[in-house]
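Worth knowing before you read on, the calculation uses all heavy atoms, side chains too, and leaves out hydrogens, waters and symmetry mates. Naming convention: chains lettered A, B, ... in sequence-line order (proteins, then strands); numbering from 1 in each chain.
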4 protein chains.
Amino acid sequence: MLEEKPLRADARRNRAKVLAAAEAVFTAKGMSAPTEEVAKAAGVGVGTLFRHFPTKEALLEAVLQEHLRRFAAEAVRWAGVDDPGNAFFAFLKQWVEMAATKNAYTDALAAAGTRAPEAAGVRDEVVGALRTLLTRAQDAGTVRSDVGVTELIALMVGTSRGAEHLGGDPALRQRMLEIVFDGLRPSPR
Amino acid sequence: MLEEKPLRADARRNRAKVLAAAEAVFTAKGMSAPTEEVAKAAGVGVGTLFRHFPTKEALLEAVLQEHLRRFAAEAVRWAGVDDPGNAFFAFLKQWVEMAATKNAYTDALAAAGTRAPEAAGVRDEVVGALRTLLTRAQDAGTVRSDVGVTELIALMVGTSRGAEHLGGDPALRQRMLEIVFDGLRPSPR
Amino acid sequence: MLEEKPLRADARRNRAKVLAAAEAVFTAKGMSAPTEEVAKAAGVGVGTLFRHFPTKEALLEAVLQEHLRRFAAEAVRWAGVDDPGNAFFAFLKQWVEMAATKNAYTDALAAAGTRAPEAAGVRDEVVGALRTLLTRAQDAGTVRSDVGVTELIALMVGTSRGAEHLGGDPALRQRMLEIVFDGLRPSPR
Amino acid sequence: MLEEKPLRADARRNRAKVLAAAEAVFTAKGMSAPTEEVAKAAGVGVGTLFRHFPTKEALLEAVLQEHLRRFAAEAVRWAGVDDPGNAFFAFLKQWVEMAATKNAYTDALAAAGTRAPEAAGVRDEVVGALRTLLTRAQDAGTVRSDVGVTELIALMVGTSRGAEHLGGDPALRQRMLEIVFDGLRPSPR
DNA sequence: AATGAATGAGTATTCATTCAT
DNA sequence: CATGAATGAATACTCATTCAT
């Protein structure tokens, strides 16, 4: 288990500022935005940025992880809700709505599997939370029993890409979502 | 109406070689692959490439259009098949299978709406073919009647992204596809 | 003495068209205008252009020579005029007026000395015509006797560059010209 | 009012090195010399050059301004000299001598009028210094009173181009200069 | 530890010139 | 002979990363 060396207070603050700036900048201008712009947005010199994230890729990775962490947290939150049958769909809907505008979130989820070893922890968190949510809904009988987490993730990734593609119109998005949701429900009889 | 001046035989051949190379290279290394690499792969000088496609963007556009054209052709082909109820699903499955490995195809479909005026023709072709396929299936009663082409496209885009994300495993892909297909079928009362 | 091989009628016509186009294009867009543009303006393929002028530089050279030829012709014309004292100044004024807008003419005159051996003929023509004009004016007493053709050319080059720099205003140009003319006149006493 | 942020010592040094190299290279090989060559001559990477001057044009502009600044300084110096009648001609002669070999200087003077707003300051300096020099000489009676700064500049531009064209021979240059000088003097009587 | 200047490989695009049609 | 397609060296500019201050 890797020791996370305790950063000095200001160093931690800088790291956070950079991460936030990176999210903002990359979301706005795509991942090919110059690193220097991120630094500027963070109010830091490039040097500082590179001290915290030795590579642009590392920075992107960190942003991804951050997203995953939030995803996991949110999933856990919904997993604790009383009505598991609806919680599942509610979570999905909320997620898709959000991811539709910030494709970075979808990227993060999509990357959940493929990532480097260090990311394993977060991935497990995500998958775990999702599995809980799924299983409970299946137990409650609102979701067909032959769906696994893997397909679920693929479906979520796909659905949010589709939603993203649909752009602004919420009604259209809703209709697409209904189709997928119907597909997820147990077939009658 | 713009006259497409008939290119000299060798010129046409080169244009085609470049287009093919572009598809290969961009599929393999992403759209940010150096233009020069495309030229090399096509066995021509950069100059030639730029004579045919005055801009990298123009080249990408052309690749996209090419894909759309094939898509439309295929859709038309299936629209002519006897059993419209199944043709729809068969076409979808085939498309997703293909797009799962060449994300460029999904990109093309996703771009079908957003494109520049010159692309309008192809887009109409695509949408038209798709609409035919869809309407016939709805008439045949195998697809729920409240789906429009727009959502359908979004769904296709999403599903192939999801399939792409799933990677190699055909069984998983099949299961995801089943869910979407079920969602598309008319709900039994 | 080099034999100028007699060109076929259409070849000569093409050469002339290219030369004219080159003058137009280079005047309008500067000498760095693409050769292809000249060809297009001439209604000829690049290949043809390069057959007549093996190098862009050769083409520029030819344009220059053409200008010199016209210059010489004009000078000769004025040298034949009755009133040599005024002819000199009249010619100068006319030349500067013209050269002020087409700096290519100044370039040509400026190049009169520096050029390659083949240009020698034209240069001699130019210098000869100018010398005649000058000498007659000096004999007529309207121009100081200590001026030589060389300085005269330098002065003309300079004056037209100055005029060019002055841009549109003819009054200003006139005043500048007056100064130079006064300088050229014999000092009283 | 824009604050000129004080550059770090080494940055300032590099900026200066680049400017010097640019002057040298552009003077030697013309303004179309590759930017990279300037960088090499300055002993810095291209990146550094472009950090200081975001565009080749910006670099050229800076070189021009530098020249203008020197011109203005020199003019001011001569404007302070005791004998204004001769100072004017002395300055002119010196300037032409110098500009004859470095046409970049003439370019700078020629550009004094045409330049972008930011250059306005320097231009005013130049024109102001020149006007002082001119007016004093006119007051001293050594220069005709109907000459304005505008024509003067045009004349200087022209004369130095002429001198440049004359090339090496100082005697010829002197004779050309005499003619212009005589033209500038008040006509006797 | 933070800063931002320096670096230079990398990239799209142009254009003189050659050569197959 | 004319044509215009093919060529590829050349060039301005960008950006991840390093390093002196």
- May I ask which nucleotide in the shown strands pairs with dA20(F), Watson-Crick or G-U wobble, both distances under 3.5 Å? dT3(E)

- The Watson-Crick or G-U wobble partner of dT11(E), with both key distances under 3.5 Å, is dA12(F)

- Would you please confirm or rule out a distance under 4.0 Å between OP1 or OP2 of dA6(F) and any side-chain N or O of His52(B)? yes

- Query: Where each residue is assigned the nucleotide of DNA chain F containing its nearest heavy atom, which of Val46(A) and Gly47(C) is assigned the position nearer the 5′ end?
  - Reply: Gly47(C)

- Query: Mapping Leu49(B) and Leu49(C) to their closest nucleotides on DNA chain F, which lands nearer the 5' end?
  - Reply: Leu49(C)

Round to the nearest Å and state the distance from [X] atom [atom1] to [N] atom [atom2].
X	N	atom1	atom2	answer
Leu59(B)	dT11(E)	CG	C1'	14 Å
Phe53(B)	dA12(E)	CZ	P	15 Å
Lys56(A)	dA9(E)	NZ	P	20 Å
Glu36(D)	dA10(F)	CD	P	12 Å
Phe50(B)	dT11(E)	CZ	P	12 Å
Arg12(B)	dA6(F)	CZ	C1'	17 Å
Arg51(B)	dT3(F)	CZ	C1'	11 Å
Lys40(A)	dT14(F)	NZ	P	13 Å

- Message: Any salt bridge linking Lys56(B) with Glu37(B)? Criterion: basic side-chain nitrogen under 4.0 Å from a carboxylate oxygen.
- Response: no

- Salt-bridge criterion met for Arg161(C) and Asp107(C) (N-O under 4.0 Å): yes

Compare the minimum distances between each of [options] and the side chain of [X], then state the nucleotide with the smallest one.
X	options	value
Val44(D)	dG4(F), dT7(E), dT13(E)	dT7(E)
Asn14(D)	dC13(F), dA16(F), dA6(E)	dA6(E)
Thr48(B)	dA6(F), dA16(E), dG4(E)	dA6(F)

- Task: Classify the nucleic acid contact of Thr35(A) as base, sugar-phosphate or nothing, counting any heavy atom under 4.0 Å across all strands shown.
- Result: sugar-phosphate

- Is Asp10(A) touching bases, backbone alone, or none of the nucleic acid, heavy atoms closer than 4.0 Å? nothing

- If you look at every heavy atom in His165(D) and Ala110(C), which pair is closest and at what distance? NE2-O, 3.0 Å

- Query: Taking all atoms of both residues into account, what is the closest heavy-atom pair of Ala39(C) and Leu49(C), and its distance?
  - Reply: N-CD1, 3.8 Å

- Would you say the side-chain atoms of Thr27(D) pair up with the backbone N or O of Glu23(D), donor to acceptor, closer than 3.5 Å? yes

- Taking for Thr55(B) and for Pro54(C) the nucleotide of DNA chain E with the nearest heavy atom, the one nearer the 5' end belongs to Thr55(B)

